[in-house]
Student: 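This is the structure, below, for whatever I ask next.
Just so you know, these numbers use all the heavy atoms, side chains as well, and skip hydrogens, waters and symmetry mates. Numbered from 1 within each chain, the chains take letters A, B, ... in sequence-line order.
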Number of protein chains: 2
Amino acid sequence: MSTSERLIESTRELLWERGYVGTSPKAIQQRAGAGQGSMYHHFTGKPDLALAAIRRTAEEMRAKAEEQFSGPGTVLERISAYLLRERDVLRGCPVGRLTQDPDVVADPALRAPVDETFAWLRARLAALLAEGRERGEFAAALDPDATASTVVAVLQGGYVLARAADSSEPFHRAVEGVLGLLRQQHAR
Amino acid sequence: MSTSERLIESTRELLWERGYVGTSPKAIQQRAGAGQGSMYHHFTGKPDLALAAIRRTAEEMRAKAEEQFSGPGTVLERISAYLLRERDVLRGCPVGRLTQDPDVVADPALRAPVDETFAWLRARLAALLAEGRERGEFAAALDPDATASTVVAVLQGGYVLARAADSSEPFHRAVEGVLGLLRQQHAR
DNA sequence: GTCTATACAGGGATAGAC
DNA sequence: GTCTATCCCTGTATAGAC
């Protein structure tokens, strides 16, 4: 792996673990096994490197979600597969955590990939839910847009609850809860 | 207001805005209009002051939630009142944001108030939901514990989506979505 | 491309005067 | 109780040699 690759990967890890404010160029260099000179040769500075890292993480997150969304089964089955997918719950969401970083949110360039990721997720889930409703899988009263946001929020909030409790239990509860509510829509 | 009071209040604001890592003693002192000496006279250091601030914020959050929970109306009405309460959405949750602070989560003393707050919230909502089910407000199939976690997660995740989009819209969508799902439980 | 040297502000705290 | 001085480390970079 090239030095610039290693720098990006190290930055991705550190942003996930410690956020933007908590990640120093020095820490990045050490983890990547690169010197100062290398880093400032390949990137103009911390924001530039962070941007590359955030873009890649966002892209990866969308790709992984799409795997479940375009998988086999009914809409409810695909949404369940997405929600129940193996996740490193206590580490939280590498994209969602950035929303708590004032320096990320304040910089339009850094916030953009985060914004786009959640916008895409919500739209994709809304389309799925609308398709399910069309097929009679869900009650006509179900609001696809609102419910899509709810589903994404349950995941993001589930991570928060898990980290607060230092246990993945509340995350799984929250997912179970929203799936139960969706199933009731189904069973009517 | 006493100096020590002002230090705590300034810390609360800064923790909310910038998190633990992003908040320096110097910034706290400046906002409080206090010198270094004052701060280190009243508190042993940054963690000590943060603990006082976090405790107070957590307490306040529980008190505000309890206002809605013990208010008038059916269970669904009280939960709706809680979810629809006026909130400063783009600022996020002052307690939930701490879960993204590695230094807070790593320190049992700092994490404790955060943990207790969400544990209390989930238990309180679960009790309400169980009461509603008992009264026939909700389907017998509703799982109070899981649904309680879902409701709390929707709020916490709603904040994440709002900050990502730099708009309170996704927050309100997510709330609307979960309320819709709860109402369907009701209308059956 | 990578290294080392250098710079300078800020973080976080202690010491001692008042 | 509060103030100022001082301390050492880290953050974030720039400069220039190799």
Side-chain angles (χ1 to χ4, degrees), chain A residues 1-56 97-98 100-111, chain B residues 1-56 97-98 100-111:
Chain A
M1 195 161 43
S2 72
T3 298
S4 117
E5 258 327 279
R6 289 203 319 278
L7 283 165
I8 294 179
E9 288 305 313
S10 301
T11 305
R12 296 217 299 150
E13 292 172 18
L14 283 164
L15 285 181
W16 195 356
E17 291 168 21
R18 310 205 30 91
Y20 185 84
V21 215
T23 296
S24 70
K26 183 172 303 188
I28 294 171
Q29 294 150 22
Q30 285 175 348
R31 187 170 298 210
Q36 304 237 42
S38 282
M39 178 180 142
Y40 287 101
H41 171 74
H42 292 287
F43 301 92
T44 69
K46 177 175 160 176
D48 186 33
L49 181 45
L51 181 58
I54 291 174
R55 279 194 177 137
R56 186 172 298 183
R97 81 108 50 243
L98 299 170
Q100 302 305 324
D101 245 303
D103 293 0
V104 169
V105 172
D107 182 337
L110 293 180
R111 188 174 61 78
Chain B
M1 197 156 48
S2 72
T3 299
S4 116
E5 258 327 279
R6 289 201 319 278
L7 284 165
I8 294 179
E9 289 303 314
S10 300
T11 305
R12 297 217 297 151
E13 291 172 19
L14 284 164
L15 284 181
W16 195 356
E17 291 167 21
R18 308 205 33 91
Y20 185 83
V21 214
T23 296
S24 70
K26 185 171 300 190
I28 294 171
Q29 293 151 22
Q30 284 175 348
R31 187 169 299 209
Q36 303 238 46
S38 281
M39 179 181 141
Y40 286 102
H41 171 75
H42 292 288
F43 301 92
T44 68
K46 177 175 158 174
D48 187 33
L49 181 45
L51 182 57
I54 292 174
R55 280 194 175 138
R56 186 171 298 181
R97 80 113 43 247
L98 298 170
Q100 302 304 324
D101 245 303
D103 293 1
V104 169
V105 173
D107 182 337
L110 292 180
R111 188 175 60 80

Student: Return whichever of Gln29(A) or Gly37(A) has its heavy-atom-nearest nucleotide of DNA chain D closer to the 5' end.
Tutor: Gln29(A)
Student: Across the strands shown, which category fits Thr23(B) at heavy-atom distances under 4.0 angstrom: base, sugar-phosphate, nothing?
Tutor: sugar-phosphate
Student: With a sphere of 6.0 Å drawn around CZ of Arg31(A), does it hold more than 12 non-hydrogen atoms of other residues, nucleotides or ligands?
Tutor: yes
Student: Of all the choices, dA13(D), dT2(C), dG11(D), which nucleotide is nearest to the side chain of Thr3(A) once you look at every atom?
Tutor: dT2(C)
Student: Below 4.0 angstrom, N of the basic side chain to O of the carboxylate: do Glu9(B) and Arg56(B) qualify?
Tutor: yes
Student: Counting just side-chain N and O atoms, does His41(B) come under 4.0 Å of either OP1 or OP2 of dC3(D)?
Tutor: no
Student: Rounded to the Å, how far apart are Tyr40(B) OH and dG16(C) C1'?
Tutor: 17 Å
Student: Rounded to the Å, how far apart are Asp103(B) CG and dT10(D) C1'?
Tutor: 14 Å
Student: Round to a whole Å and report the spacing from NZ of Lys46(B) to C1' of dT14(C).
Tutor: 18 Å
Student: Closest to the Gln36(A) side chain: dT2(D), dT2(C), dA13(D)?
Tutor: dA13(D)
Student: What nucleotide, of dG12(C), dA13(D), dT2(D), holds the atom closest to the side chain of Ser38(B)?
Tutor: dT2(D)
Student: If you only use heavy atoms from C-beta on, which nucleotide in dT4(C), dG11(C), dT2(D) is closest to the side chain of Lys26(B)?
Tutor: dG11(C)
Student: Identify which nucleotide among dG12(C), dA13(D), dG1(C) has an atom closest to any side-chain atom of His42(A), counting heavy atoms from C-beta outward.
Tutor: dG1(C)
Student: In whole Å, what is the span from the CG atom of Leu14(B) to the C1' atom of dG10(C)?
Tutor: 15 Å
Student: Quickly work out the Ile28(B) CD1 to dT2(D) P distance and round it to whole Å.
Tutor: 16 Å
Student: How many Å lie between CZ on Phe43(A) and P on dT14(D), as a whole number?
Tutor: 15 Å
Student: Scan Ser2(A) against the nucleic acid and name what it touches under 4.0 Å (heavy atoms): base, sugar-phosphate only, or nothing.
Tutor: nothing
Student: Is there side-chain contact between Leu14(A) and Ile28(A), with heavy atoms separated by less than 4.5 Å?
Tutor: yes
Student: Using whole Å, what does the distance between atom P of nucleotide dT12(D) and atom CE of Met39(A) come to?
Tutor: 9 Å
Student: Taking Ala32(A)'s backbone N and O only, do any of them form a donor-acceptor pair with Arg6(A)'s side chain (distance below 3.5 Å, no angle check)?
Tutor: yes
Student: If you compare all heavy atoms of Ala52(B) against all heavy atoms of Ile8(B), which two are closest, and at what distance to 0.1 Å?
Tutor: CB-CD1, 4.0 Å
